[in-house]
Amino acid sequence: MSEYDAIVVGAGAGGGVAAAVLTAAGKSVLLLERGRALSFAAVGRDHLRNQRMPVYGHNAGPDIDGNPRTIDASSLPRLVGEALGDKRLLKPHQPGYQNNAACVGSGTRVYAGQAWRFMPQDFRMASEYGVPAGSSLADWPLSYEDLAPYYEKVEWEIGICGDHRGMTHLPAYKKPYPMPALPLPYKSTVHKSGLQRLGWQALRVPRLINSQPYNGRQACINCQHCVGFACPADAKNGSHNTTVPRALSSGNCTLLTEVMVEKLAVSAGGAVTGVTFIDAEQKRRTIRADVIVLSCGAVETARLLLNSATAQEPAGIGNGGDQVGRNLQGHYYPSAVGLFPETMFDGMGPGCSIATCQFNHGNDGIIGGGFLGDEDIVTPITLWKRFYPPDAPRWGSAAKRFMRENYRRINDVTGPVQEIPSPDARVSINPQVRDRYGIPVAHLSGATHPETVRTARFMHQRAREWLRASGAIQVWGMPPPRYLSGGQHQAGTCRMGEDPTTSVVDPFCRVHSQERLFIADGSPHVTNGGFNPVETIMALAWRTAETIVKTW
């Protein structure tokens, strides 16, 4: 007998939405999260230990000790971690791990909250561009119009600020954003003038941030520690302060933290009936439910399916077509950096306020593209490590003088590139390496498709053009090399489709081989758009959860 109507594994963007929608419909839900519910103080303000700059650690999990992954050395942009033959052993804060935060809220606890709808073309990339040799580029089995009502639900129920009238790259919104855009900091007014000189589209960046009091919480106080950190005013809208509390307040949700799901439980016939997990007291428990929803992120959801192999599905649940773990995508972020004659940073955060979608599509000879924006405020050490001019002094009093005089005059332009999926960019499991619970870890291999690199180079040049048009007196930076992409924008490892031989879930995110197993994270994304994917993750999770409610 089932103990719950549904078990949701993972309390991040998708899992929070699924729990809220299911409990609002009267369903009993067990919400499992491997991390903790982090207070503002626990997240902290350490400039060298955060999800944005994890030099010595990070601030939103997972714990550094006991949670390794392995990766082919050839998949890394540079060698880090411990050598294991031709592989490397990585800790969660090291480059190439493809970390997604592990806490209640997951990445939404510390993200920048950029809230973009994907464009109609993003759902039909293969039809728009053809399929490059060696790629797995494909169309989604649903359209922008299918998801538009759910985008609107996210915008109003979670809370997004912006100016819908500027979204001229999209079909007209039926309903505006519930809050106006955040105030423009000085640097954004400079960059807006650069776009105007170029004749490029300029629009306000929509954000999952309260620009005015909303849903019982106060407005943004415009601090400079947004992306990578928790919000001191609780004005940044993530699952930790919207959907998860909503599910709990319904009386229908039980939240367990610091639990690690080991595998999916199945019946004698191989049907998924629940989950087996190790709880905070290190006790192994199996709990059953009518429906299971996986919201662990593209890497960990694939790992869980592969670690749940059964007699009926010996390669892993949902993996009859050898598709689980393939097509891992994230976002390349080509950027350029400029030194300006005037002070750009006026102390007004969070920063990224002006953007252009001039080059998301329609670029001659280029597959896809992406948006560009004036990046969020970076801490001084982040600027020194990532954006420092190549010809400036690196050490001693001269370097200190340069930072004092120029930190507030340096600004970068960047944005996510629509990646072209590759079947060889993948997540598998490594039985030779186990985590603190004794579970085989995720192994990462392959690299993004070469067309992604070519698109990134194109977008890098557009970023340089924008900086010069905005008045930068010096511009620097290099386009990214080829490597395996993922990060907190990870997607694609359980792609959506009609055909079980080429996909893992159906158009409603149900695993083809299982009647009652669903996925609500970035894993089903066929392509990941040229945008931050969180609004699409939430919208798709909303649609999936409504399907579950209607079916059961």
Side-chain angles (χ1 to χ4, degrees), residues 35-36 38-69 71 76-82 88-103 105-113 222-232 236 238 240 330-331 333 335 337 344-345 347 349-352 375-390 392-412 414 476-477 480 483 486-490:
R36 294 176 282 274
L38 297 175
S39 66
F40 174 76
V43 176
R45 289 294 179 95
D46 192 327
H47 288 197
L48 291 172
R49 294 174 180 84
N50 61 78
Q51 306 300 112
R52 190 72 162 182
M53 179 53 65
V55 178
Y56 298 112
H58 50 217
N59 57 351
D63 292 344
I64 290 176
D65 294 329
N67 290 293
R69 287 176 184 164
I71 186 171
L76 283 166
R78 67 179 188 275
L79 288 183
V80 294
E82 177 186 338
R88 309 291 294 188
L89 183 72
L90 298 178
K91 295 182 177 181
H93 70 294
Q94 292 180 313
Y97 185 93
Q98 314 304 349
N99 185 35
N100 212 338
C103 61
S106 189
T108 72
R109 191 71 178 96
V110 293
Y111 66 176
N222 305 115
C223 78
Q224 301 89 44
H225 286 75
C226 189
V227 61
F229 302 97
C231 178
K236 189 159 53 175
H240 64 287
H331 277 132
Y333 261 84
S335 64
V337 190
M344 294 286 280
F345 176 35
C352 187
E375 180 68 307
D376 270 341
I377 304 302
V378 298
T379 63
I381 192 63
T382 299
L383 186 145
W384 188 89
K385 185 174 177 62
R386 293 184 178 168
F387 304 130
Y388 202 71
R394 300 291 300 184
W395 303 103
S397 59
K400 292 178 181 178
R401 185 181 310 111
F402 182 89
M403 282 292 291
R404 280 196 303 270
E405 294 175 354
N406 296 294
Y407 165 69
R408 297 174 67 197
R409 298 171 56 210
I410 292 174
N411 196 232
D412 69 306
T414 190
W476 63 93
Y483 59 91
Q488 292 212 353
H489 290 186
Q490 59 190 242

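Across A230 and V43, no two heavy atoms sit closer than the pair N-CG1, 3.7 Å. Looking at every heavy atom in both residues, D376 comes nearest to A112 through OD2-CB, 3.3 Å. Taking each heavy atom of I64 and G57 in turn, the nearest pair found is CD1-CA, 3.5 Å. Annotation for N59 and G44: closest pair ND2-O, 4.3 Å, computed over non-hydrogen atoms. Taking both residues in full, the closest heavy atoms of A399 and P393 are given as CB-O, 3.3 Å, listed atom of the first, atom of the second, then distance.
Once rounded to the nearest 0.5 Å, the distance linking OH of Y97 with CG of L90 reads 8.5 Å. Here the CG atom belonging to N100 is positioned 4.5 Å from the CD atom belonging to Q490, to the nearest 0.5 angstrom. Note that CZ of F402 is 12.5 Å distant from CH2 of W384, once rounded to the nearest 0.5 Å. Here the NE2 atom belonging to H93 is positioned 12.5 Å from the CE atom belonging to M53, to the nearest 0.5 angstrom. Taking CD1 of I71 as the reference point, atom CG of L79 lies at 10.5 Å (rounded to 0.5 Å). Residue N411 holds its CG atom at 9.0 Å from CZ of F387, rounded to the nearest 0.5 Å.
Scanning for side-chain hydrogen bond (donor to acceptor under 3.5 Å, both in side chains) contacts around N50 gives an empty result, with sequence neighbours left out.
Contact annotation: the side chain of Q94 never approaches that of L89 to less than 4.5 Å [non-hydrogen atoms, C-beta and beyond]. The closest side-chain heavy-atom distance from L76 to R88 is below 4.5 Å. A 4.5 Å side-chain heavy-atom check between P480 and Y333 finds every atom pair outside the cut-off. C223 is not listed as a side-chain neighbour of I377, based on a closest heavy-atom distance of 4.5 Å or more. Using a 4.5 Å heavy-atom threshold, the side chains of T108 and H240 count as touching. Contact annotation: the side chain of I410 approaches that of P389 to within less than 4.5 Å [non-hydrogen atoms, C-beta and beyond]. When side chains are defined from C-beta on, Q51 does not count as touching Y111, because their heavy atoms never get closer than 4.5 Å.
Side-chain atoms of R109 never come within 3.5 Å of backbone atoms of A101 as a donor-acceptor pair (strictly under, hydrogens ignored). Checked by atom type and distance alone, the side chain of K236 never pairs as donor or acceptor with a backbone atom of G113 at under 3.5 Å.
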Side chain to side chain contact (heavy atoms under 4.5 Å, CB included) evaluation trace for N99 with H58
CA-CA 10 Å; N99 185 35; H58 50 217; 3.5 Å; yes
Side chain to side chain contact (heavy atoms under 4.5 Å, CB included) between K91 and V80, intermediate numbers included:
CA-CA 10 Å; K91 295 182 177 181; V80 294; over 6 Å; no
Verdict with supporting geometry, M403 and Y388, side chain to side chain contact (heavy atoms under 4.5 Å, CB included):
CA-CA 9 Å; M403 282 292 291; Y388 202 71; 3.8 Å; yes
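Ring geometry for H225 versus F229: interplanar angle over 60°, hence perpendicular rather than tilted (30 to 60°).
Applying the salt bridge (charged side-chain N to carboxylate O under 4.0 Å, His left out) test to residues at least two apart or on different chains, the pairs with a partner in residues 42-52 are D46-R49, R52-E375. Here side-chain hydrogen bond (donor to acceptor under 3.5 Å, both in side chains) pairs that include residues 395-408, with residues two or more places apart or in two chains, are N406-R409.
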